[in-house]
Amino acid sequence: MKVRVLFFGATAALVGMRDIETTLDSGASPADILKHFTATHPDLQSHQLLIAVNEEYVSTDSELKEGDEVAIFTAVSGG
Amino acid sequence: MKVRVLFFGATAALVGMRDIETTLDSGASPADILKHFTATHPDLQSHQLLIAVNEEYVSTDSELKEGDEVAIFTAVSGG
Amino acid sequence: MDFVELTTEPIDISSVARRVVPPECGATVTLDGYVRKFTKGRETLHLFYEAYEPMALKEMEKLIEQAKRDFEIANVGIVHRLGKLEIGETSVVISVAAPHRRAAFAACEWLIRELKRTVPIWKKEVYADGEVWIESDPENK
Amino acid sequence: MDFVELTTEPIDISSVARRVVPPECGATVTLDGYVRKFTKGRETLHLFYEAYEPMALKEMEKLIEQAKRDFEIANVGIVHRLGKLEIGETSVVISVAAPHRRAAFAACEWLIRELKRTVPIWKKEVYADGEVWIESDPENK
């Protein structure tokens with residue numbers, strides 16, 4: 001299944017991109033995506049990462065489905 | 001001694017004036033002024049009256065002196 | 001810079017809020033009080049505010065001094081309107097700037113409560129069938 | 001009427017504060033957050049705010065819904081600025097109107113705390129010798 005992965009702020013700076021489309025095995029979770037990107041960009045491991053799927057906060061072990069939009073970002077700092 | 005008496009809001013409406021100059025015996029206090037005006041305008045008695053002398057809150061038994069400005073007003077309601 | 005003002009002109013909230021901002025601060029909390037249409041179900045047509053002006057300014061300055069002793073705040077601005085006000089118009093603006101927002105909230109809430117308790121300003125509510133000088137703030141009791 | 005907005009234009013505090021005023025209300029409390037010059041002694045030249053925009057708007061709307069359940073308030077407006085901001089410019093304005101000011105203070109303070117904790121907006125501080133994406137609000141810890 002295909003999902004779109006978004007990065008913002010610090011995570012966008014660390015991975016060097018703002019979004020990417022990727023194909024995952026069915027049953028994959030945000031944790032699988034995180035595993036991939038922390039392997040290719042080890043600097044991500046020193047950050048507290050939050051995950052949103054389709055604009056809602058989710059836990060990293062939630063199940064993804066075709067067409068989901070997965071956002072990976074650090075602790076927010078607006079205000 | 002002469003003092004000036006000021007009224008505001010409800011007290012000005014009740015006594016029908018905004019200020020008056022009056023001559024008192026030396027040693028007089030704001031209580032003496034209140035006694036005079038509550039006698040001439042009994043409606044004042046149904047109000048909680050506050051006293052300021054020279055723009056500072058004082059108790060009614062403080063001692064007045066020549067030239068003092070004595071303000072008589074009801075509980076404030078700004079804001 | 002702190003400031004207190006009495007004015008018969010409409011109050012612009014932004015200009016009060018922005019005048020208290022120093023560069024090292026992080027947040028400004030502003031209280032905007034305005035004329036209610038209904039008090040206890042009775043319809044107010046408009047309001048009229050009167051002050052013992054020099055004493056009101058002194059009392060507001062005293063409140064700022066005390067707030068700056070009691071709270072970790074930088075600057076305070078207080079502007080109170082006088083004269084005739086229409087429904088919904090701003091009667092008072094209090095802006096408090098502080099390095100941390102918690103102190104700004106606490107000080108602003110304290111300032112409006114004390115202003116209503118001690119500053120010699122009175123409001124008259126004008127109804128279709130009469131008018132009443134208000135003599136206390138029920139929220140402060 | 002409640003509203004949430006993200007904007008790259010300067011925020012006018014008055015227009016936010018006045019848009020939440022209904023005729024039956026008594027007070028509006030407004031939080032104005034702005035760019036600090038110094039953080040831990042390091043001089044910030046300017047800031048840059050970025051948001052996950054559709055999610056940020058949804059999260060702000062959720063905060064308003066919850067605030068209206070938990071506090072006796074009438075209307076809430078939240079406007080957050082994005083893009084490059086100079087020192088002293090307003091980054092966020094939250095205005096809460098309520099029949100009684102106590103609820104407006106409490107709700108406004110709760111809203112800014114939760115906004116800093118949950119709304120997906122990030123700030124980058126730019127210094128003479130580099131820049132840092134900020135990842136938490138020390139005041140919330």
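Numbered from 1 within each chain, the chains take letters A, B, ... in sequence-line order.
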**Prompt:** Taking it one step at a time, do B:Phe73 and C:Met55 satisfy side chain to side chain contact (heavy atoms under 4.5 Å, CB included)?
**Reply:** CA-CA 12 Å; B:Phe73 48 79; C:Met55 181 174 169; 4.3 Å; yes

Taking [X] for its side chain and [Y] for its backbone only, find out whether a donor-acceptor pair lies under 3.5 Å.
| X | Y | result |
| --- | --- | --- |
| C:Glu135 | B:Thr74 | no |
| C:Trp122 | B:Ala10 | no |
| C:Tyr49 | B:Gly79 | yes |

**Request:** Could you tell me which portion of C:Ala51 (side chain, backbone, both or neither) has an atom closer than 4.5 angstrom to a non-hydrogen atom of chain B?
**Result:**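 The backbone, not the side chain.
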
**Item:** chain B contact via C:Lys124 - which portion, at a heavy-atom distance below 4.5 Å
**Value:** neither

**Request:** Can you tell which part of B:Leu6 gets under 4.5 Å to a heavy atom of chain C, answering side chain, backbone, both or neither?
**Result:** side chain

**Request:** Would you indicate whether C:Asp129, at its atom CG, is surrounded by more than 12 heavy atoms from other residues, nucleotides or ligands within a distance under 6.0 Å?
**Result:** yes

**Asked** Around atom CD of C:Glu86, are there more than 12 heavy atoms of other residues, nucleotides or ligands at under 6.0 Å?
**Response** yes

**Complete:** Residues B:Val76 and C:Val119: closest non-hydrogen pair is CB-O, 3.3 Å

**Complete:** Minimal heavy-atom distance between C:Tyr52 and B:Glu55, with the atoms involved, is OH-CG, 3.5 Å

